[in-house]
Amino acid sequence: STMTAIKHALQRDIFTPNDERLLGIVNVCKAGKKKKNCFLCATVTTERPVQVKVVKVKKSDKGDFYKRQQTWELRDLTEVDAKDASKENPEFDLHFEKVYRWVASSTAEKNSFISCIWKLNQRYLRKKVEFVNVSSQLLEESVPSGESQSVAGGDEDALDDYQELSTREEQDIESMMEMCEYAISNAEAFAEKLSSELQVLDGANIQSIMASEKQVNILMQLLDEALGEVDTIEGKLSSYEEMLQSVKDQMDQISQSNRLIQISSTNNGKLLDEIQFLVNYMDLSKGHIRALQEGDLTSPKGIEACINASEALLQCMNVALRPGHDKLMAVTQQQLLFAELRDTFARRLTNHLNNVFVHQGHDQSSTLSQHTTELTLPKHSPLHRDLLRYAKLMEWLKNTHREKYEGLSRTYVDYMSRLYEREIKDFFEVAKIKMAGTTKEAKGKFGLHGSSGKLTGSTSSLNKLTVQGSNSRRSQSSSLLDMGNMSASDLDVADRTKFDKIFEQVLSELEPLCLAEQDFISKFFKLQQHPTVTPPLAQPETEESDGGMLSRMPPQAEHRHSLSSEKDMVRLMMNKIFQSIETELNSLIALGDKIDSFNSLYMLVKMSHHVWTAENVDPASYLSTTLGNVLVTVKRNFDKCISGQIRQMEEVKISKKSKVGILLFVTGFEEFAELAETIFRNAERRGDLDKAYVKLIRAVFMNVEKVANESQKTPRDVVMMENFHHIFSTLSRLKISCLDAERREAKHKYTDHLQSYVINSLGQPLEKLNHFFEGVEARVAQGVREEEVSYQLAFNKQELRKVIKEYPGKEVKKGLDNLYKKVDKHLCEEESLLQV
């Protein structure tokens with residue numbers, strides 16, 4: 001048939017070259033594409049191990065030969081779906097890596113191919129492939145006896161219609177045919193010859209078998225004896241097996257016992273590890289317990305023992321228990337013991353440190369009397385040194401008993417704030433006494449009273465200070481130094497230098513005090529590490545201090561429940577402890593300003609220097625912040641000083657009957673500039689002084705012109721000339737760089753008004769002589785050469801002699817005397833502008 005021819009052609013052209021045998025074939029096309037026919041072939045390899053494949057073969061478009069298009073391994077086939085087991089249906093599906101849908105040319109071909117696949121599945125794949133919608137009858141017909149051997153043997157041969165001869169078989173047939181001449185010409189005779197030779201061989205075989213009967217009998221006898229021996233050996237083996245079975249049972253029992261012993265040993269080892277873990281990490285020595293319960297907190301050895309015991313207790317309490325440990329009664333009891341020891345020691349430590357604060361405070365207060373006459377603050381280093389021994393215990397208390405730690409910090413802050421308030425108050429009273437002087441006159445002037453020379457207790461008394469004018473006050477507004485307080489005659493350089501030293505001493509005493517206290521708080525309360533969000537320690541209370549000052553913390557800070565960092569806690573504690581420093585400093589500054597307004601220059605320089613130094617050490621420190629706030633007050637007082645001088649310039653009144661001369665505020669500016677340059681010689685920042693210079697010189701210029709315009713006795717040009725000459729001399733001598741423009745302006749004004757005075761005020765005493773020489777200058781200005789001027793008629797020698805004859809010597813001397821008297825009347829002696 002056609003299919004058989006195609007099968008042989010495929011075997012010959014495609015599969016034989018690849019050592020494969022074709023076992024099943026079906027003509028198919030893809031579902032929905034009936035034009036493109038192809039063949040599905042089931043093949044096996046001739047070499048071992050046998051590989052079973054499904055090959056898709058397609059006829060080439062060019063010619064009659066076939067070619068492989070796609071190959072699948074049969075082991076990759078998971079399911080064969082025949083679509084319908086009862087009705088004839090040519091469609092079927094093969095499930096490889098995806099589902100392939102096929103339509104066979106006939107149902108018979110489909111069934112034959114599926115049957116072939118089933119047999120190959122039975123033999124090579126151990127029934128791995130699943131067959132769906134395949135009739136059981138088709139599968140039963142494939143295996144008549146149900147034995148796999150028949151599938152492997154006869155059925156496979158039945159499928160194989162053609163089998164080629166091997167090479168050796170071909171050689172044997174050729175040699176046999178060569179021995180017979182008519183093997184090809186007379187096949188029947190050749191076949192008869194072969195048959196006769198076969199019969200001869202069969203007969204020989206039978207005779208041989210019959211001749212060997214005796215040997216066969218002997219062999220059978222030997223086989224019987226061997227069977228008997230085998231039975232005997234089997235009996236012995238059976239007895240040995242019974243014996244071994246009992247031994248096996250005993251060994252099983254021993255193995256079971258050994259396994260139980262091993263499990264017990266492992267459990268005991270684990271239990272021992274757990275017990276050692278609990279004993280090592282949750283056992284506190286008796287020495288540590290005794291130190292926590294009754295250890296001496298006053299001696300160095302006792303403190304060290306308590307520190308070691310508290311650290312050991314903390315380690316025991318913080319040990320990471322394993323799952324289930326918390327259910328052990330011993331662990332629970334130890335935890336209760338640790339909690340009791342922690343509470344007991346925390347209570348002992350808190351009470352002891354409270355007592356230390358109180359006793360140290362009394363000792364410190366008893367030494368305050370020796371400082372009442374000296375401008376020094378008591379040193380707290382002994383107190384800090386004693387307390388720092390407890391720093392590690394404070395850290396332990398912070399980690400274990402936060403409430404008691406906060407309570408201690410509040411107690412320390414409350415106590416130290418009172419102690420520091422007394423010390424600072426006494427210190428500033430001494431400073432005020434030294435500034436104002438201890439004479440009766442000074443006490444009367446500045447409201448000081450009392451036998452000890454102290455100021456009144458309340459800082460508000462500064463507002464009541466009154467300054468009484470001395471008898472030497474000038475009738476006008478005195479000088480610029482007066483400022484409504486004391487006259488210039490009451491002040492000298494020594495007094496100002498004394499004030500400068502006192503103010504520097506105050507700042508120099510306060511700086512180390514604040515820095516030392518802040519450093520102690522950080523170390524003692526363990527607040528210098530990393531920022532953490534914790535509750536506030538020292539809430540500022542709205543209690544009144546001895547000086548009548550309320551707490552300076554803003555209201556929102558009083559009610560905050562948490563602080564952003566430990567730096568905030570340090571700052572808050574420092575604000576509470578030193579709440580009186582800023583007030584007392586402002587009070588001292590106010591007193592210095594009352595004594596002499598020029599003291600604000602000294603204070604500005606000193607305060608700026610100390611703020612600059614503090615900011616370089618720690619910009620966020622309490623000292624830096626406080627001094628910065630006070631510096632604002634000092635700058636404000638300095639600005640008031642400058643504004644007061646400008647206001648005095650504006651209020652100057654001149655006498656209508658006397659010469660004006662050099663104005664008081666001009667000499668006042670000179671004194672101010674000389675003093676300021678001396679004070680600011682080594683200052684870090686001159687910005688405020690330079691601004692003040694510009695303000696003052698502008699006011700001086702404006703008010704000089706105002707006075708010159710109002711002057712009746714002295715000509716305007718004289719007032720302007722003398723005062724601007726004085727200003728120019730001052731600025732040239734002091735060489736103030738920021739006033740270079742004003743110095744040039746002063747020179748320009750002085751020159752202009754000098755020329756104006758000469759022209760307008762002195763007049764022309766030798767009028768005709770003046771006219772003659774003015775005419776000569778005019779001719780020269782018109783371009784006439786100087787040597788040719790004498791040739792002109794109006795300006796020859798004869799004309800000059802006529803003019804000179806009109807002014808004899810007596811007349812000239814009289815005119816010069818009158819001119820000198822006039823100038824002497826206008827000019828003042830101070831400026832020495834009148835030169836003879």
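All heavy atoms count here, side chains included; hydrogens, waters and symmetry mates do not.
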Exercise for the section: Output yes when a side-chain donor or acceptor of Ser212 lies under 3.5 Å from a complementary backbone atom of Gln215, and no otherwise. Expected result: no

Practice task
Taking only Lys NZ, Arg NE, NH1 and NH2, and the carboxylate oxygens of Asp or Glu, determine whether Glu242 and Lys236 approach each other closer than 4.0 Å.
Solution key: no

Problem - Enclosure of Glu197 CD (heavy-atom neighbours >12, cutoff 6.0 Å) - result: yes

Practice task
Could you tell me whether a side-chain N or O of Ser208 sits under 3.5 Å from a main-chain N or O of Ala204, the two making a donor and an acceptor?
Solution key: no

Practice task
Taking the side chain as every heavy atom from C-beta outward, state whether Asp81 and Glu91 have any atom pair closer than 4.5 Å.
Solution key: no

Practice task
Report yes or no: does Glu79 contribute a side-chain atom to a donor-acceptor pair with the main-chain N or O of Val132 at less than 3.5 Å?
Solution key: no

Handout entry: Side-chain (Thr350) to main-chain (Ala346) donor-acceptor, under 3.5 angstrom
Key = yes

Practice task
Look up atom NZ in Lys53 and atom CZ in Arg68, then write down how far apart they are to the nearest 0.5 Å.
Solution key: 6.0 Å

Practice task
Quick one: closest heavy-atom pair of Tyr390 and Thr298, and the distance?
Solution key: OH-CA, 4.2 Å

Exercise for the section: State, with a plain yes or no, whether a side-chain heavy atom of Tyr405 is found less than 4.5 Å away from one of Met394. Expected result: yes

Practice task
Give a yes or no answer on whether the side chain of Lys58 reaches the backbone of Tyr66 with a donor-acceptor pair at less than 3.5 Å.
Solution key: no

Practice task
Would you mind reporting whether Val44 and Leu23 have side-chain heavy atoms less than 4.5 Å apart?
Solution key: yes

Fill in the blank from the handout: Rounding to 0.5 Å, atoms NE2 (His352) and CG (Asp296) come to a distance of 8.0 Å

Practice task
Measure across Val57 and Cys38 and return the closest heavy-atom pair with its distance rounded to 0.1 Å.
Solution key: O-CB, 3.3 Å

Handout entry: Verdict with reasoning, Glu109 to Lys7, per salt bridge (Lys or Arg N to Asp or Glu O under 4.0 Å)
Key = CA-CA 13 Å; Glu109 282 187 24; Lys7 184 176 180 181; over 6 Å; no

Problem - Heavy atoms from other residues, nucleotides or ligands near CD of Glu225 exceed 12 (cutoff 6.0 Å) - result: yes

Problem - Distance, nearest 0.5 Å, that separates CG of Leu74 from CG of Leu94 - result: 9.5 Å

Problem - Reported CG-to-SG distance for the pair Leu22 and Cys116, which is rounded to 0.5 angstrom - result: 8.5 Å

Handout entry: Side-chain touch Val80/Val129, heavy atoms, less than 4.5 angstrom
Key = yes

Handout entry: Residue Gln262 excluded, over 12 heavy atoms near CD under 6.0 Å
Key = no

Fill in the blank from the handout: Rounded to the nearest 0.5 Å, the NZ atom of Lys119 sits from the CD1 atom of Ile114 at a distance of 13.0 Å

Exercise for the section: Indicate yes or no for a side-chain donor-acceptor contact from Thr45 to the backbone of Gln51 under 3.5 Å, with no hydrogens or angles considered. Expected result: yes

Handout entry: Side-chain donor/acceptor of Arg348 to backbone N/O of Gly295, under 3.5 Å
Key = yes

Exercise for the section: Would you name the heavy atoms of Leu297 and Leu349 that are closest together and state the gap between them? Expected result: CD1-CA, 4.1 Å

Practice task
Scan side-chain atoms only and decide if Gln11 and Thr16 contain a donor-acceptor pair under the 3.5 Å cut-off.
Solution key: yes

Handout entry: Reported CG-to-SG distance for the pair Leu292 and Cys306, which is rounded to 0.5 angstrom
Key = 7.0 Å

Exercise for the section: Find out whether Arg75 and Leu125 are in side-chain contact, i.e. whether some heavy atom of one side chain is under 4.5 Å from a heavy atom of the other. Expected result: yes

Practice task
Please check if the side chain of Asp76 supplies one atom and the backbone of Trp72 the other of a donor-acceptor pair under 3.5 Å.
Solution key: no

Problem - Polar side-chain atom of Asn121 near backbone of Ile117 as donor-acceptor pair, under 3.5 Å - result: no

Exercise for the section: Look at the side chain of Lys59 and the backbone N and O of Lys67, then say whether any donor-acceptor pair between them is shorter than 3.5 Å. Expected result: no

Handout entry: Centroid-centroid distance, His95 to Tyr100, less than 6.0 Å
Key = no

